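The shown structure was predicted, so the numbers you read here are calculated from the model rather than taken from an experiment. Just so it is clear: chains get the letters A, B, ... in the order the sequence lines come, proteins before strands, and each one is counted from 1. Side chains are part of it too, since the values below use all heavy atoms of this structure and drop only hydrogens, waters and symmetry mates.
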Amino acid sequence: MGTINVSKKYTAVEKAYLPAILIGMKITMKRFIQGFLFRKSWTIMYPEKRRDYSDRFRGAHFISVDPKKTENCTACFLCETVCPAECIHIVAEERDEADNSYGVAKEKKPASFDIDLLRCCFCGFCEEACPKDAIKLSTNYEMATYSREDAIVDLDHLKRPMNGRHEKKDS
Amino acid sequence: MEYFDFLQLIAKILLVVGVCLGVVPVTVWFERRGAAWMQGRVGPNRVGPFGLLQPLADVLKFIHKEDFVPKNANKFYYYLAPLIALIAPLCALSVIPFGDKAIVGGREVVLQIAQMDSGVIFILAFAGLEVYPLILAGWASKNKYSVLGALRGSSQIVSYEISMGLSLLSMLIVYGSFNPHEMVSWQVEHFWGAVVNPFGALVFLISIFAETNRLPFDLPEGESEIVAGYHLEYGAMKFALFFMAEYIAMIMASALISTLFFGGYSLLPGMDFLVSFIASFFGFGSVGTTNVTAVFQFVSLASKVAFFMFLFVWIRWTLPRFRFDQLMDLGWKILFPLSLINLVVVTLGVYYFNR
Ligand code: SF4
Ligand code: SF4
C-alpha cells in the first residue's frame with residue numbers, strides 16, 4: 001500500500017508555460033471578438049426577457065379558492081406540522097353558519113394564515129401534505145420586498161387570483 | 001523660476017494628471033465590458049450609452065457609502081495607505097516623457113514634467129513605494145486577512161522587483177543613460193528596446209504584472225482565499241482610492257514599459273509620413289511641424305499605453321491566479337537567474353558592439 005503518484009511528467013514546452021499562455025490568450029481573444037464585434041452572449045436580459053421555468057417550479061405560495069372565492073383550506077394544520085422550516089402559522093376558527101356555503105363540509109377555516117417567506121426553503125412539503133389541495137406553490141420567483149415584515153405573507157395575499165400555477169399578469 | 005516656466009509646468013502636470021484620471025473610468029468600464037465579452041456576457045450596459053456612465057454611478061455609490069473605520073485600526077496609517085497608493089504612481093508618471101518638444105510662443109517646451117538625468121532611478125523609487133500602501137493598509141486595519149494579504153503582497157513585490165531591476169539594468173547598459181528622453185532618442189535612432197533585448201522585455205512585462213498586483217499575480221487581494229486581502233477593511237471612498245490607484249499604477253507601468261522597451265513616444269510606423277503630409281497640406285513651418293509631431297508623439301505613446309492596458313485586461317481574463325509557492329518559484333528560481341544571465345549576455349553584447 002501507499003500513495004499512488006498520479007502527477008504527470010510535463011514536457012519542456014508545457015514547463016515553459018508561455019506557449020500555453022499564448023494559446024489561452026488566443027482563445028480569450030476569439031471570445032472577445034465574438035462578444036465585441038458579433039455581440040454574442042448567453043445573457044438573458046432579465047427584466048425585459050424572462051427565463052421559462054417548468055410548471056413544477058416551486059415559487060411563491062398561494063391558496064387555491066373555489067368558484068365562490070372561499071379558500072379551500074380547512075385549517076387542518078397538516079402543512080404547519082410538516083413544514084421543516086416552521087414558517088407556516090395558522091390560527092383556526094369556526095366558519096360562520098351563515099356564510100358556510102357548503103353546509104357542514106367546511107366548518108373550520110383559517111382566521112389567519114401567515115407564511116414567512118424568508119424562512120421557507122421552498123421544499124413543497126406543505127403542498128404534498130395538504131389534503132384539500134389548498135396550499136400550492138406557484139412559478140413566481142420574484143419575491144423581493146423592502147422589509148422583513150413584507151416578506152411575511154398573509155391570507156389575503158395567498159388568496160390572490162391565479163392563472164393555473166402562474167401569477168395573473170395584471171394582478 | 002520664470003513665469004513662463006511655471007505656467008508650462010502647471011499645464012503639463014494638469015495634462016498628465018487629467019489624462020490619467022480621465023482614463024481610469026474608461027479603463028474600469030473597459031475592464032468590466034471586456035471581461036463580459038470574453039466570457040460571453042453583456043456587462044454593464046444600463047447606465048448611459050453602452051454603460052459608459054457606469055463608473056460615474058459607481059463613484060456616486062461610493063460617495064454615499066458609510067465611511068467605516070475599524071475600531072482597533074491605527075487611524076493614521078489606515079488613512080495614509082490609500083493616499084500613498086494613489087500618489088506614488090502619479091509621481092512616477094512625472095518622469096515619463098510624453099513627447100519630444102513643443103514650441104509655444106517661440107519657446108521650447110520639453111514634454112516631460114520633471115527633466116532629471118536620473119529619471120529611471122526616480123521611477124524605480126516610486127514604483128518601490130507601491131509596496132508601502134499594501135503593508136500599511138494590511139497592518140493598520142488589524143484584520144488577519146488583511147495582514148495575510150499584506151504579507152503576500154510585500155514578499156511578492158520585493159521578489160519581483162529584483163528581476164524587474166535586473167532587466168531594467170540590462171536596458172540601462174544598452175542605452176548608456178538614466179534619462180528617459182535619451183532612451184527614447186536612442187530607440188528612435190536604432191531599434192526598439194524590445195528588439196535589442198526581447199528577453200529583458202518579457203521579464204519586465206511579467207514583473208510589472210506582479211508589481212501592479214494584477215492577475216495572475218493578484219495574491220495580495222485573492223478574493224477567494226483571503227476575502228479581499230489588504231483592502232478588506234476599506235470601504236466607501238477609501239476603497240475607491242485603492243481602486244483608482246490600481247489603475248493609475250497600471251497606466252504608469254504601461255507608460256514605463258513603452259518608454260523602456262517599445263520606443264516610448266517615438267512615432268508609430270507610418271505616422272511620420274502622416275505628420276509630413278499634414279505639415280505640407282497646411283503649409284506649416286518648422287514650428288508647426290514640431291508641434292504636429294508632438295501631438296502625434298503623444299498619440300503614439302497613448303496608443304502604446306492603451307495596448308498594454310488592453311493586455312492587462314486580456315491576461316486577467318485568461319489566466320487563473322498563481323499559488324503562492326508557484327509565484328515564489330517563478331520569481332526566485334526562474335526569473336531571477338534568467339534575468340541575471342540575460343544581464344551578462346547583454347553586457348557582453350554591448351561591449352562587443354561598442355568595441
Ligand atoms: S415549502 Fe416547505 S418550508 Fe416552505 S412553507 Fe411549505 S413546507 Fe414549509
Ligand atoms: S394542509 Fe391544506 S387544508 Fe390543511 S391547513 Fe394547510 S393549507 Fe389548510
Side-chain angles (χ1 to χ4, degrees), chain A residues 2-54 57 118 139-151 167 169, chain B residues 29-47 49-52 198-207 209-210 214-217 306-323 325-331 333-335 337-339:
Chain A
T3 48
I4 303 167
N5 190 0
V6 291
S7 53
K8 147 179 187 251
K9 270 249 182 301
Y10 289 109
T11 61
V13 177
E14 281 169 336
K15 266 190 194 153
Y17 204 60
L18 285 173
I21 291 182
L22 289 181
I23 293 171
M25 286 172 74
K26 208 180 92 193
I27 292 171
T28 33
M29 183 40 91
K30 211 169 75 193
R31 294 270 175 268
F32 179 80
I33 291 169
Q34 279 175 356
F36 177 56
L37 290 183
F38 304 110
R39 303 272 142 195
K40 187 175 177 184
S41 83
W42 282 268
T43 308
I44 298 171
M45 298 306 285
Y46 163 60
E48 291 93 34
K49 262 192 230 146
R50 271 147 217 266
R51 194 191 184 112
D52 284 330
Y53 284 109
S54 94
F57 185 85
L118 289 178
T139 53
N140 175 21
Y141 50 86
E142 290 163 322
M143 283 168 271
T145 57
Y146 283 106
S147 70
R148 280 164 189 262
E149 287 74 37
D150 288 350
E167 213 76 37
K169 281 275 149 38
Chain B
W29 173 83
F30 180 75
E31 172 120 51
R32 299 175 63 177
R33 232 35 235 272
W37 288 325
M38 285 177 197
Q39 297 172 346
R41 294 186 286 115
V42 175
N45 65 344
R46 302 263 162 175
V47 195
F50 310 108
L52 267 171
F199 193 79
L202 183 65
V203 171
F204 196 81
L205 185 66
I206 296 172
S207 305
F209 271 94
R214 293 284 298 178
L215 257 116
F217 302 109
F307 171 75
F308 282 105
M309 300 295 274
F310 179 73
L311 191 72
F312 271 115
V313 175
W314 187 6
I315 291 276
R316 174 170 182 179
W317 301 110
T318 305
L319 293 182
R321 189 181 303 132
F322 275 100
R323 220 166 52 210
D325 60 323
Q326 291 172 330
L327 178 91
M328 285 295 154
D329 275 0
L330 180 66
K333 292 190 191 156
I334 301 174
L335 288 187
L338 283 182
S339 52

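- Remark: I27(A) CD1 to T318(B) OG1 distance equals 9.0 Å, nearest 0.5 Å.
- For the atom pair OG1 of T28(A) and CZ of R316(B), the computed distance is 13.5 Å after rounding to the nearest 0.5 Å.
- Taking a 6.0 Å sphere around OH of Y10(A), one finds it holds 12 or fewer heavy atoms contributed by other residues, nucleotides or ligands.
- Taken from CZ in F32(A) to CZ in R33(B), the straight-line distance is 10.5 Å, to the nearest 0.5 Å.
- Of the two parts of I206(B), neither the backbone nor the side chain holds a non-hydrogen atom closer than 4.5 Å to a non-hydrogen atom of chain A.
- Taking chain A as the reference chain and counting heavy-atom pairs below 4.5 Å, the highest number among I315(B), V42(B), L319(B) is found for V42(B).
- Looking at I334(B), neither its backbone nor its side chain comes within 4.5 Å of chain A, counting heavy atoms on both sides.
- Heavy atoms of L330(B) lying under 4.5 Å from chain A are absent altogether.
- The CD atom of Q34(A) lies 12.0 Å from the CE atom of M38(B); values are rounded to the nearest 0.5 Å.
- Contact of R46(B) with chain A is made through the side chain alone, with heavy-atom distances under 4.5 Å.
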